[in-house]
Amino acid sequence: MSAPSTNDVLFSEAVSGLFRGWTALQLAVSHGFGGAYCQEKAEWLVYATETWFNENSNIDPLECEEFLEDVLNHEFDLIVDDGSLTEIARKICDFYKLCKEKRFDDIKQEIQKFPVAQVQNCQKVESDDDCEEDEEIEDDSTQPSTSQPSTLPSNQTASHSHSDLNQNLNNNENAMETEEDDGWTVVRKGAKNR
């Protein structure tokens with residue numbers, strides 16, 4: 001087994017440094033998004049990225065971004081939508097190119113400039129998706145639940161109302177579901193009772 005080349009060592013240092021400075025990834029690691037072995041997964045990600053670049057030629061930033069996105073999603077249950085994924089992928093490709101061109105001094109200078117992940121400055125921010133989910137939960141709380149009816153119609157007794165209520169709920173569900181031409185069933189949200 002031969003000793004790793006300067007190219008390999010510097011590329012590995014560059015990828016490792018980029019990942020250590022990537023706030024999204026470090027936040028996922030610090031909060032255990034990847035499960036019990038999330039630190040090991042982060043270390044593996046450096047190795048996997050390095051190996052992937054060494055085994056393939058001409059990887060462009062979009063391919064790298066898709067690779068990282070897939071790994072983060074499957075291994076860390078993380079979706080990065082802050083634009084950093086695109087930037088990290090571009091930088092990895094730039095460093096690989098610099099390594100292949102044997103521009104070692106440039107690589108060493110760039111590695112020294114790497115930022116430190118700002119995990120301590122992160123705050124929970126509600127996204128538009130979170131707000132919509134919260135609104136749906138609030139809307140659902142004002143409507144009868146389809147799984148556990150909480151009230152009975154006033155004109156029915158408890159002994160007969162359960163099956164009748166289930167029938168009414170099924171009719172309402174069927175009214176809100178429509179089948180599209182392509183075979184998909186679209187479930188529409190019912191109107192609020194005001």
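Between the side chain of E63 and the backbone N or O of D60, at least one donor-acceptor pair lies under 3.5 Å.
The 12-atom threshold is not exceeded at CG of N58, counting heavy atoms of other residues, nucleotides or ligands nearer than 6.0 Å. The neighbour count for F104 CZ, taken as heavy atoms of other residues, nucleotides or ligands under 6.0 Å away, is above 12. Atom CG of D82 has more than 12 neighbouring heavy atoms from other residues, nucleotides or ligands inside a 6.0 Å radius.
Q109 places a side-chain heavy atom less than 4.5 Å from the side chain of D106. Between I88 and F19 there is a side-chain heavy-atom pair separated by less than 4.5 Å.
By the rule that hydrophobic residues join a cluster once side-chain heavy atoms approach within less than 4.5 Å of another member, V29 and L27 end up as members of separate clusters.
Interatomic distance, CD of Q39 versus NZ of K41, reported as 12.5 Å (0.5 Å rounding). Rounding to the nearest 0.5 Å gives a distance of 11.0 Å between SG of C99 and CG of D94. Taking CD from E13 and CG from L18, the interatomic distance works out to 12.0 Å, rounded to the nearest 0.5 Å.
Between C64 and C93, the closest heavy-atom pair is CB-SG, 4.0 Å. Among all heavy-atom pairs drawn from L10 and I111, the shortest one is O-CD1, 4.0 Å. The shortest non-hydrogen separation linking E40 to A36 is OE1-O, 4.3 Å. Closest of all the heavy-atom pairs between N56 and Y96 is O-OH, 4.3 Å. The minimum heavy-atom distance linking A24 with L78 is given by the pair O-CD2, 3.8 Å.
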What side-chain donor-acceptor pairs closer than 3.5 Å can you find for residues 65-76, not counting sequence neighbours?
unit_1, atom_1, unit_2, atom_2, d
E65, OE1, T86, OG1, 3.3
E65, OE2, T86, OG1, 3.0
D70, OD1, H74, ND1, 2.8
H74, ND1, D70, O, 2.9

For residues 43-52, please give each side-chain donor-acceptor pair under 3.5 Å, one per line with the distance, not counting sequence neighbours.
unit_1, atom_1, unit_2, atom_2, d
T49, OG1, L45, O, 2.7
E50, OE1, S12, OG, 3.2
T51, OG1, Y47, O, 2.8

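When ring centroids are compared, F95 and F11 stay outside the 6.0 Å threshold.
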